[in-house]
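What follows is a set of notes on a single structure, which appears directly below.
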Amino acid sequence: MPAATSTTPNTSTTPVTPVTPVTPVTPVTPVTSTTSTAPTAPTASTQASTPVHWAHGAAARAARSAADAERARSLDPEVAAALVDAGFARYFVPGRWGGRVGTFGELLEAVALVGEGCASAAWCAALQAAHGRLAAHLPERGQADLWQDGPDVPISAAVVPPSGRLTEVDGGYRLSGRWNLASGVDHAHWVLLAATEGAPDGGRQRILALPRADIRVHDTWNNSGLRGTGSHSLTVDDAFVPRHRTVLRESLAAGRDEPDAARCHRIPYQLVASLIFVAPALGAARGALRSWTELTRGRTAPHDRATPRGADAAQVLARSSAEIDAAQLLLERAARRADTAPLDDLPVALNLRDAAIAVDLLVGAVERLLRGGGSRAQRDDCELQRFWRDLYAVAGHAAVQLPPAADAYAQKVLAVG
């Protein structure tokens, strides 16, 4: 579960120009299901951008097992396999290995679709794609170790902060240590780990790819939100990692610079890290709106202004649905920057800002829905409170915090000279 750090943009630019208006998003349309089931056909919100029909089967399977994932604190193996079969693991794998080499706009919508039924599954889906993109920075021989038999390889990672003890030996490295928060590690075939090469206070960070056989998973994930992600700790005991299965973190952060590299592999890590982490939150907020709508329908009369509770419900619905739409607009614009914008510091600062603000909007919207849902919304078997907990888990991630995002944006806009 890697965490992005704040960006320090150049200070040699003029103030940012006004943001280009975007096409308004189709309003979120609540559906009538009370159970954890994904829509059988795209809702208005899921048709707002690129169609993602390939993710519907996995979304439905994940939604049916959402409660089981909570109890088990890990995805059902069939759900994990459904995410791989849908194409999340191969999404950013280079084309020469049979990967999809996808776009961030489509990934945002696919992950959000899964998140409408199960935010934990959406989190793992997003990271399956993201970790395939990170592994694409390995030397070609290292990539072959992962994908020579096909691109549908689930990869977990624990790359922030670096940990363990790394010793250079003939042909590679010996690695030992403990890493935390490896989301989806129960179902991963490979793991990416970060360790410091050289002196801990002055060495360079190196990313290393290890097969599942080289790690030991420890059952440590007991959080209140995103319970089904299985973000456990793992240990490695003196494993040999050949040099071709390693890459310097600075290379990963900067993106590949080969002229024939795909766009998704050339962009810097910080341009997309926060976007990928927030995508499950967008789906969770949609699911929360659906759940609230069903709880409220028939219990109140929002059209009846003479009924105080009806008036309150109308305001909750209007404000929360609008905030979810606004967050979606911000995230879709961030995805377009990742797919098309110039690769410089300004898009990075804008995406950090927009992801952080989007999370605040989504948390506020779902907080209002929970308060307006009454005691029924707080029951253990009500998915609304689960979505609320999942939103707060996402909002606590280091990659989506507003203070560093605001600092990066302000430095870019207020730069002198």
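As the structure is a prediction and not an experimental result, all values here were calculated from the model.
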- Message: Is the shortest side-chain heavy-atom distance between P162 and Q205 below 4.5 Å?
- Response: yes
- Task: Without swapping roles, check the side chain of S231 against the backbone of L181 for a donor-acceptor pair under 3.5 Å.
- Result: no
- CG on L75 to SG on C124, rounded to 0.5 Å: 4.0 Å
- How long is the gap from CD on E323 to CG on D360, to the nearest 0.5 Å? 10.5 Å
- Message: With a 3.5 Å distance limit and no angle check, can you tell me whether Q143 reaches the backbone of A136 through a side-chain donor-acceptor pair?
- Response: yes
- Task: Side-chain contact test, heavy atoms from C-beta onward, threshold under 4.5 Å: evaluate it for R337 versus L275 and give yes or no.
- Result: no
- Count the heavy atoms of every other residue, nucleotide or ligand shown that sit under 6.0 Å from CG of N222, and state whether that count exceeds 12. yes
- Query: Would you call the rings of W54 and Y91 parallel, tilted or perpendicular, where under 30° means parallel and over 60° means perpendicular?
  - Reply: parallel
- Message: Between R256 and H265 (side chain of the first, backbone of the second, donor and acceptor by atom type, cut-off under 3.5 Å), is there such a pair?
- Response: no
- Message: Taking A261's backbone N and O only, do any of them form a donor-acceptor pair with R266's side chain (distance below 3.5 Å, no angle check)?
- Response: yes
- Mark yes or no for whether R174, through its side chain, and V169, through its backbone, hold a donor-acceptor pair below 3.5 Å. no
- Query: Does the side chain of L166 reach to within under 4.5 Å of the side chain of L208, using non-hydrogen atoms?
  - Reply: yes
- Message: Quick test of your reading of the model: are D339 and R336 salt-bridged, counting only N-O distances below 4.0 Å?
- Response: no
- Item | Criterion side-chain contact (heavy atoms from CB on, under 4.5 Å) on L343 and L271, from CA distance to verdict | CA-CA 9 Å; L343 301 180; L271 180 60; 4.2 Å; yes
- Is the number of heavy atoms from other residues, nucleotides or ligands under 6.0 Å of R96 CZ greater than 12? yes
- How close do A327 and A358 get, heavy atom to heavy atom, and via which atoms? CB-O, 3.8 Å
- Do E383 and E294 come within less than 4.5 Å of each other through their side chains, counting heavy atoms only? no
- Task: Can you measure from CZ (R297) to CG (L295) and round to the nearest 0.5 angstrom?
- Result: 10.5 Å
- Message: Set out, in order, the CA-CA distance, both residues' side-chain angles and the distance that settles side-chain contact (heavy atoms from CB on, under 4.5 Å) for L146 and W97, then state yes or no.
- Response: CA-CA 10 Å; L146 272 67; W97 308 114; over 6 Å; no
- With a 4.5 Å heavy-atom cut-off, do V394 and D390 have their side chains touching? no
- Query: Would you say D380 has more than 12 foreign heavy atoms packed within less than 6.0 Å of its CG?
  - Reply: no
- Query: Take atom CZ in R165; do more than 12 heavy atoms of anything else shown fall under 6.0 Å from it?
  - Reply: no
- Query: Can you tell me if Q385 uses its side chain to pair, donor with acceptor, with the backbone of C382 under 3.5 Å?
  - Reply: yes
- Mind checking side chain to side chain donor-acceptor pair (under 3.5 Å) for S163 and listing every partner two or more places apart, or none if nothing turns up? none
- Note on the structure: For F92 and L107 the tightest heavy-atom approach is CE1-CD2, 3.6 Å
- Message: Counting C-beta onward and ignoring hydrogens, is there a side-chain heavy-atom pair between F240 and R245 closer than 4.5 Å?
- Response: no
- Task: Mark yes when over 12 heavy atoms from residues, nucleotides or ligands other than R319 sit less than 6.0 Å from its CZ; otherwise mark no.
- Result: no
- Message: Strictly distance-based, threshold 3.5 Å: is any side-chain N or O of H232 a donor or acceptor partner for the main-chain N or O of T220?
- Response: yes
- From CG (L226) to OG (S120), nearest 0.5 Å: 5.0 Å
- Which atom names give the shortest non-hydrogen contact between A58 and A86, and what distance separates them? CB-CB, 3.9 Å
- Message: Side chains of D186 and S74 only: does a donor on one sit below 3.5 Å from an acceptor on the other?
- Response: yes
- Message: Just verifying a value: how many Å separate L138 CG and R243 CZ, rounded to the nearest 0.5 Å?
- Response: 13.5 Å
- Query: Distance only, no hydrogens: is a donor on one side chain within 3.5 Å (strictly under) of an acceptor on the other, for R368 and Q315?
  - Reply: no
- Task: List the steps, then state whether side-chain contact (heavy atoms from CB on, under 4.5 Å) holds for D68 with V79.
- Result: CA-CA 11 Å; D68 292 337; V79 173; over 6 Å; no
- Task: Any chance you could lay out the side-chain contact (heavy atoms from CB on, under 4.5 Å) test for F88 and L127, step after step, and finish with the verdict?
- Result: CA-CA 9 Å; F88 286 102; L127 293 186; over 6 Å; no
- Lys/Arg N to Asp/Glu carboxylate O, R204 vs E168, below 4.0 Å: no
- Would you check if the side chain of T293 reaches a backbone N or O of L289 as a donor-acceptor pair within less than 3.5 Å? yes
- Task: Give a yes/no verdict on a cation-pi contact between R263 and F104, requiring under 6.0 Å between NZ or CZ and the six-membered ring centre and an angle within 45° of the axis.
- Result: no
- Determine the minimum heavy-atom distance between F277 and A399, stating which atoms define it. CD1-CB, 3.4 Å
- Within-4.5 Å side-chain heavy-atom neighbours: V359 and V363: yes
- Do other residues, nucleotides or ligands put more than 12 heavy atoms under 6.0 Å from the CZ atom of R178? yes
- Does CG belonging to D170 count more than 12 external heavy atoms closer than 6.0 Å? no
- Task: Report yes if some heavy atom in the side chain of R61 is under 4.5 Å from a heavy atom in the side chain of D76; otherwise report no.
- Result: yes
- Query: Between S233 and N180, which heavy-atom pair has the shortest distance, and what is it?
  - Reply: OG-OD1, 2.7 Å
- Apply salt bridge (Lys or Arg N to Asp or Glu O under 4.0 Å) to the pair R64 and E78, showing each step before the final yes or no. CA-CA 11 Å; R64 290 194 297 271; E78 291 186 5; over 6 Å; no
- Item | Q128: which of I155, V84, V111 passes side-chain contact (heavy atoms from CB on, under 4.5 Å) | V84
- Message: Do the side chains of E70 and R389 get close enough for a salt bridge, i.e. N-O under 4.0 angstrom?
- Response: yes
- Task: For the pair S321 (side chain) and A318 (backbone), establish whether a donor and an acceptor sit closer than 3.5 Å, ignoring hydrogens and angles.
- Result: yes
- Taking all non-hydrogen atoms of both residues into account, name the closest pair between H137 and V247 and its distance. O-CG2, 3.5 Å
- In this structure, CH2 of W179 is separated from OG1 of T235 (nearest 0.5 Å) by 8.5 Å
